[in-house]
2 protein chains.
Amino acid sequence: MAGLSSRSAVAIHALAMLAHRRGGSLTSAEIADSLESNPVFVRRILGRLRDAHLVWSTEGRGGGWSLARAPRDITLYDAYAAVEEGQIFSRHTHPPNGGCEVGRGIGDLLDAEFRSAERALEEQLGRTTIAGLLQQILASDGEPRGH
Amino acid sequence: MAGLSSRSAVAIHALAMLAHRRGGSLTSAEIADSLESNPVFVRRILGRLRDAHLVWSTEGRGGGWSLARAPRDITLYDAYAAVEEGQIFSRHTHPPNGGCEVGRGIGDLLDAEFRSAERALEEQLGRTTIAGLLQQILASDGEPRGH
DNA sequence: ACAAACTGTAACCAATCCAGTGACAGTTAA
DNA sequence: TTAACTGTCACTGGATTGGTTACAGTTTGT
């Protein structure tokens with residue numbers, strides 16, 4: 001549990017690629033290729049993005065994946081929320097000992113503190129859109145490099 | 001990787017217990033008892049808190065653990081930083097394909113976005129001290145309950 | 001001197017999750 | 001009818017977590 005899975009990063013990468021296509025579609029193999037990963041893994045993640053109504057897919061030959069919303073209407077939080085599950089912080093498996101004054105009261109308060117911290121992280125993620133991210137990517141790509 | 005370990009929760013719980021002792025000490029067995037856990041696990045976590053100069057320990061008979069700072073000078077972020085390691089977000093194992101325009105540029109930008117989100121979480125954790133948490137615990141414990 | 005009560009580690013375990021992979025049914029277009 | 005996709009299952013190896021036993025080292029009490 002040294003943090004979250006790489007699913008958020010993969011999801012954001014895939015959304016940025018789709019945004020770069022401007023309405024066009026990509027196959028899971030093409031996306032997996034850019035990630036140096038494999039199509040099944042990509043389809044598992046894109047499937048979650050579809051459940052969250054961020055992308056849609058078409059089956060059969062010529063099928064693939066497309067954005068379901070404008071890139072400026074998709075934030076990094078949307079991607080994060082679609083593919084990560086549960087809370088970031090874990091509580092200890094066993095409930096605290098009720099015979100301890102501190103143990104009795106700490107449970108709910110700790111949950112509240114943790115949720116508050118997670119909310120701060122989520123709000124920060126919500127401040128960047130796929131459109132904004134793509135714009136930065138393309139801007140840095142075209143930077144002059146001394147020749 | 002469905003989130004962080006429970007070490008932060010355990011660390012904060014232990015710090016709150018020590019703060020409740022007001023300068024006194026507790027053994028790892030006593031703390032483990034309140035957590036319904038075991039002393040070795042607790043010593044592993046308290047060892048990290050000691051490395052971060054939040055607590056100190058004395059060996060031998062009558063030994064145990066005490067706070068190294070005033071509870072109002074220890075935040076939840078201090079506990080978190082002492083026991084959790086690395087970043088919350090993971091990147092995909094393989095680097096993105098350099099042949100892809102999006103893949104080339106996304107790496108550093110994604111790192112920056114993730115770090116920014118993590119910083120927001122950390123700042124929120126830094127707003128609560130052990131002293132404040134303990135105060136809330138004791139206040140809710142002594143609440144009038146209709147009799 | 002000796003026993004008791006601690007810390008500090010190492011070693012091992014079961015459970016869980018991640019990501020990689022092969023397989024294959026279902027769907028659609030050429 | 002074939003080719004190219006999605007959708008999903010099953011299995012894998014590797015990493016990490018928390019539980020537990022064991023034991024060496026340290027300090028106090030008698």
Side-chain angles (χ1 to χ4, degrees), chain A residues 1-11 13-14 18 21 24-51 55-66 68 83-96, chain B residues 1-11 13-14 18 21 24-51 55-66 68 83-96:
Chain A
M1 288 192 198
L4 299 170
S5 69
S6 71
R7 289 195 295 265
S8 294
V10 170
H13 188 152
L18 290 172
R21 277 283 167 120
S25 71
L26 288 168
T27 69
S28 58
E30 288 170 318
I31 297 173
D33 208 50
S34 169
L35 285 163
E36 306 271 9
S37 182
N38 69 87
V40 175
F41 181 48
V42 168
R43 288 202 290 268
R44 281 201 281 244
I45 290 175
L46 288 174
R48 298 209 196 200
L49 297 182
R50 185 190 47 221
D51 295 343
V55 302
W56 52 273
S57 63
T58 57
E59 294 187 355
R61 178 167 181 159
W65 303 82
S66 309
V83 301
E84 301 286 354
E85 50 204 7
Q87 310 199 111
I88 294 178
F89 288 100
S90 309
R91 299 296 309 281
H92 193 259
T93 322
H94 310 301
Chain B
M1 290 193 196
L4 300 171
S5 68
S6 72
R7 289 195 295 266
S8 294
V10 170
H13 188 152
L18 289 172
R21 275 285 166 119
S25 72
L26 287 168
T27 69
S28 59
E30 289 171 317
I31 297 173
D33 208 51
S34 170
L35 284 162
E36 305 270 10
S37 182
N38 69 88
V40 175
F41 181 48
V42 169
R43 286 203 290 267
R44 282 201 280 243
I45 290 174
L46 288 174
R48 299 210 196 201
L49 297 182
R50 185 190 47 220
D51 295 344
V55 302
W56 52 273
S57 62
T58 58
E59 295 188 352
R61 179 166 181 163
W65 303 82
S66 307
V83 300
E84 302 286 354
E85 50 203 10
Q87 310 199 111
I88 294 177
F89 289 100
S90 309
R91 301 293 310 280
H92 193 257
T93 321
H94 309 301

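The shown structure was predicted, so the numbers you read here are calculated from the model rather than taken from an experiment. We name chains A, B, ... by the order of the sequence lines, and we start the count at 1 in each one. These values consider heavy atoms only, across backbone and side chains, with no hydrogens, waters or symmetry-generated copies.
- In this structure, B:Leu26 places its CG atom 11 Å from P of C:dC6, rounding to the nearest Å.
- Remark: P of C:dA5 and CG of B:Asp33 are 16 Å apart, rounded to the nearest angstrom.
- The side-chain contact (heavy atoms from CB on, under 4.5 Å) test applied to A:Arg50 returns A:Val55, A:Ser57, A:Trp65, not counting sequence neighbours.
- A 4.5 Å side-chain heavy-atom check between B:Arg48 and B:Arg7 finds at least one atom pair inside the cut-off.
- You won't find any donor-acceptor pair under 3.5 Å spanning the side chain of B:Arg7 and the base of D:dG18, going by distance alone.
- Across D:dG29, D:dT21, D:dG18, the shortest atom-to-atom separation from the side chain of B:Val40 is found for D:dT21.
- Direction change of the helix axis from one end of the helix from C:dA1-D:dT30 to C:dA30-D:dT1 to the other is 0°, with five pairs defining each end axis (rounded to 10°).
- Using a 4.0 Å heavy-atom distance criterion, A:Thr58 is classed as a sugar-phosphate-only contact.
- Between the CZ atom of A:Arg61 and the C1' atom of D:dT2 there is a distance of 8 Å, rounded to whole Å.
- Taking only side-chain nitrogens and oxygens, A:Thr27 never comes nearer than 4.0 Å to OP1 or OP2 of D:dT6.
- By the 4.5 Å heavy-atom criterion applied to side chains, A:Val40 and A:Arg43 are counted as neighbours.
- Side-chain to base pairing of B:Arg50 with C:dG8: no donor and acceptor N or O lie closer than 3.5 Å to each other.
- Here the side chain of A:Thr27 pairs a donor or acceptor atom with the backbone of A:Glu30 at under 3.5 angstrom.
- Nearest heavy-atom pair, B:Ser66 versus B:Gly24, reported as atom, atom and distance to 0.1 Å: OG-O, 3.7 Å.
- Of the candidates D:dT17, C:dA4, D:dT6, the closest approach to any side-chain atom of B:Ser5 belongs to D:dT17.
- When each of A:Ser37 and B:Pro39 is assigned the nucleotide of DNA chain C bearing its nearest heavy atom, the one mapping closer to the 5' terminus is B:Pro39.
- Atom-to-atom, CZ of B:Phe41 to C1' of C:dA14 comes out at 15 Å; the value is rounded to the nearest Å.
- Across the protein-nucleic acid pair, B:Arg44 atom CZ and C:dA10 atom C1' stand 10 Å apart, rounded to whole Å.
- Put simply, A:His94 has no side-chain N or O that comes within less than 4.0 Å of OP1 or OP2 on D:dG18.
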Original post:
Given B:Val10 and B:Val83, is the side-chain contact (heavy atoms from CB on, under 4.5 Å) satisfied, shown in steps?
Top reply: CA-CA 10 Å; B:Val10 170; B:Val83 300; over 6 Å; no
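- The CG-P distance, from A:Leu4 to D:dT17, rounds to 13 Å in whole Å.
- For the pair A:Ser57 and D:dT6, the criterion of a side-chain N or O lying under 4.0 Å from OP1 or OP2 is not met.
- When the C1' atom of C:dT7 is taken as reference, atom CD1 of B:Ile45 falls 16 Å away, rounded to whole Å.
- Of all nucleotides listed (C:dC18, C:dT27, C:dT7), C:dT7 comes nearest to the side chain of B:Glu59.
- Below the 3.5 angstrom threshold, one finds a donor paired with an acceptor across the side chain of A:Arg43 and the base of D:dG7.
- Among all heavy-atom pairs drawn from B:Ser90 and A:Leu4, the shortest one is OG-O, 2.6 Å.
- The two residues B:His94 and A:Glu36 come nearest to each other via the heavy atoms CD2-O, 3.0 Å.
- Contact annotation for B:Gly47: no contact, since no heavy-atom pair falls under 4.0 Å across all strands.
- Close to C:dA19, at under 4.0 Å from its OP1 or OP2, lies a side-chain N or O of A:Ser6.
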